[in-house]
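Nothing here was measured: the structure is a model prediction, and the numbers come from that model. We number each residue from 1, following the sequence as shown. Hydrogens, waters and symmetry mates play no part in the numbers below; they use all other heavy atoms, side chains included.
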Amino acid sequence: MKNIKLLVMTAVASILMSACGTTSTVPITGRKHNLLVTDQQVLSLSTQQYTDFMKTAKVSTNATNNAMVKRVGTKLSTAVETFLKNNGMASELQNYAWEFNLVQNTEPNAFCMPGGKIVVYEGLLPITQNEASLAIVLGHEIAHAVAKHSAEQLSKQMRQQYGTQILGTVLNSAVGSNVGDIASSIAQTGFSFANLKYSRDNESEADHIGLIFAAMAGYDPQVAIPFWQRMSQGNSNGNDFFSDHPSDAKRIDALQKEMPEALKYYQATKTTTTTAKKK
């Protein structure tokens, strides 16, 4: 029996390794992760979901708030693109076609699709209260896209499906469908980019990267602390054991530790802006 179990595990490991995908490096943190889906596959799936979402969504009629969302989004996307160009990742720019939308929904929420499609719910604005806090949220959402967290989560599901197929066919080495088919199958059975639940590690990484992106865009990263304190009052997440998000206390503590790094980017941005104005 032990030999059979060992054989099963060896076969699973072998086939998963044969579908090893590509290794990608996350900007800012430098973490490496292995992805089984290509950028083109993810963008194809997310673009369709975004189009479907916007067909049913009601765009906000508040011109001032609409302008603010676009202004903050544009500053962030410009900062992100500049960072990628300056750090040898210019090839990544082909993956983004930025759009910024404020929609009528009372939930305090926002999301960024792979490809840079950003949606903000009106219910978030009473909590953000200002542009800088909105930049913290959108920086977090953009970080998910830039770090390719959606592709990472999709790859995890695919690996699970590979394992299920392998065990279900009792060591049949022919998985029976290619990566694109499996990705499409998973997407059709409930993989939603707009409502995707990332892991706690992904969420913490997005907090970190988003803080830096906001600072790069010229927004004071220190507003992140009072923003998350306000957020916790209306949607308390005191215990992270059963949650995909870090607890409020852990999130705020981590952001405070990351603040010195973010402030360096913020000060550098202010210095560059001041120098440009003098010229």
Side-chain angles (χ1 to χ4, degrees), residues 25-31 65 68-87 89 96 98 100 102 108-112 116 118 120-121 124-149 198 200-235 237 240 245-277:
T25 301
V26 178
I28 305 295
T29 67
R31 181 176 68 89
N65 288 340
M68 177 178 64
V69 168
K70 294 183 187 300
R71 183 167 57 249
V72 173
T74 299
K75 287 184 178 180
L76 283 164
S77 61
T78 299
V80 169
E81 290 191 351
T82 299
F83 173 81
L84 293 175
K85 289 178 183 176
N86 293 341
N87 288 272
M89 292 176 278
Y96 300 100
W98 304 96
F100 315 102
L102 178 66
N109 195 19
F111 63 84
C112 177
I118 297 172
V120 178
Y121 292 1
L124 180 67
L125 299 185
I127 302 176
T128 55
Q129 298 182 0
N130 53 65
E131 282 195 29
S133 294
L134 179 60
I136 295 298
V137 178
L138 296 193
H140 171 97
E141 298 302 334
I142 289 174
H144 278 309
V146 174
K148 302 185 180 181
H149 287 160
Y198 298 102
R200 276 177 280 176
D201 288 342
N202 282 167
E203 291 293 345
S204 295
E205 186 171 59
D207 277 351
H208 179 190
I209 298 172
L211 193 71
I212 302 300
F213 284 166
M216 287 179 180
Y219 294 103
D220 186 353
Q222 295 175 102
V223 303
I225 305 304
F227 163 72
W228 282 113
Q229 288 172 338
R230 292 194 300 273
M231 195 72 172
S232 67
Q233 292 172 2
N235 186 26
N237 179 20
D240 64 3
H245 289 67
S247 67
D248 297 324
K250 287 183 179 179
R251 168 171 258 155
I252 291 171
D253 182 61
L255 287 170
Q256 289 173 329
K257 291 177 180 177
E258 293 155 3
M259 198 60 66
E261 178 188 5
L263 285 171
K264 290 180 181 179
Y265 283 98
Y266 179 55
Q267 292 301 328
T269 301
K270 287 178 64 178
T271 300
T272 301
T273 302
T274 301
T275 302
K277 288 182 178 179

Taking salt bridge (Lys or Arg N to Asp or Glu O under 4.0 Å) as the test, write out the residues that go with [X], two or more places apart.
| X | value |
| --- | --- |
| Asp253 | Lys257 |
| Glu203 | Arg251 |
| Asp220 | none |

With sequence neighbours left out, what residues match His140 under ring-ring contact (aromatic ring centres under 6.0 Å, His included)?
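With neighbours one apart ignored, the set is His144.
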Would you please name every residue forming a ring-ring contact (aromatic ring centres under 6.0 Å, His included) with Trp98, sequence neighbours left out?
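In terms of ring-ring contact (aromatic ring centres under 6.0 Å, His included), with neighbours along the sequence ignored, Trp98 is linked to Tyr96.
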Taking the side chain from Thr128 and the backbone from Leu125, do they hold a donor-acceptor pair closer than 3.5 Å?
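Yes, the answer is positive, given that a donor and an acceptor are paired below the 3.5 Å cut-off.
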To check you understand the geometry: which heavy-atom pair defines the closest contact between [X] and [Y], and what is its length?
| X | Y | result |
| --- | --- | --- |
| Ala224 | Leu255 | CB-CD1, 4.3 Å |
| Ala214 | Ile136 | CB-CD1, 3.9 Å |
| Ser204 | Pro246 | OG-CG, 3.3 Å |
| Gly116 | Cys112 | CA-SG, 3.9 Å |
| Ala206 | Ala143 | O-CB, 3.6 Å |

Spacing of [X] atom [atom1] and [Y] atom [atom2] [to the nearest 0.5 Å]:
| X | Y | atom1 | atom2 | result |
| --- | --- | --- | --- | --- |
| Leu76 | Ile142 | CG | CD1 | 4.5 Å |
| Leu211 | Glu261 | CG | CD | 8.5 Å |
| Tyr219 | Lys75 | OH | NZ | 3.5 Å |
| Met216 | Asn86 | CE | CG | 9.0 Å |
| Lys70 | Ser77 | NZ | OG | 11.5 Å |

Using the test side chain to side chain contact (heavy atoms under 4.5 Å, CB included), find all partners of Pro226 that sit at least two apart in sequence or belong to another chain.
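Partners of Pro226 by the side chain to side chain contact (heavy atoms under 4.5 Å, CB included) criterion, ordered by chain and then number, come out as Gln229, Arg230.
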Could you work out, with side chain to side chain contact (heavy atoms under 4.5 Å, CB included) as the rule, every residue matching Thr29, not counting sequence neighbours?
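Listed in chain order: Val26, Arg31, Glu205, His208, Ile209.
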For residues 131-140, which residue pairs qualify under salt bridge (Lys or Arg N to Asp or Glu O under 4.0 Å), counting only residues two or more places apart or in two chains?
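Passing the test, one end in residues 131-140: Arg71-Glu131.
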Would you check if [X] and [Y] make a side-chain contact, meaning some heavy-atom pair closer than 4.5 Å?
| X | Y | answer |
| --- | --- | --- |
| Met89 | Val146 | no |
| Met231 | Asp248 | no |
| Pro221 | Leu263 | yes |
| Met259 | Ile225 | yes |
| Leu124 | Asn109 | no |
| Phe100 | Val72 | no |
| Phe213 | Tyr265 | no |
| Phe227 | Gln129 | no |

Tell me, please, which residues at least two apart from [X] pass side chain to side chain donor-acceptor pair (under 3.5 Å).
| X | value |
| --- | --- |
| Asn130 | Ser133 |
| Thr25 | Lys32 |
| Asn87 | none |

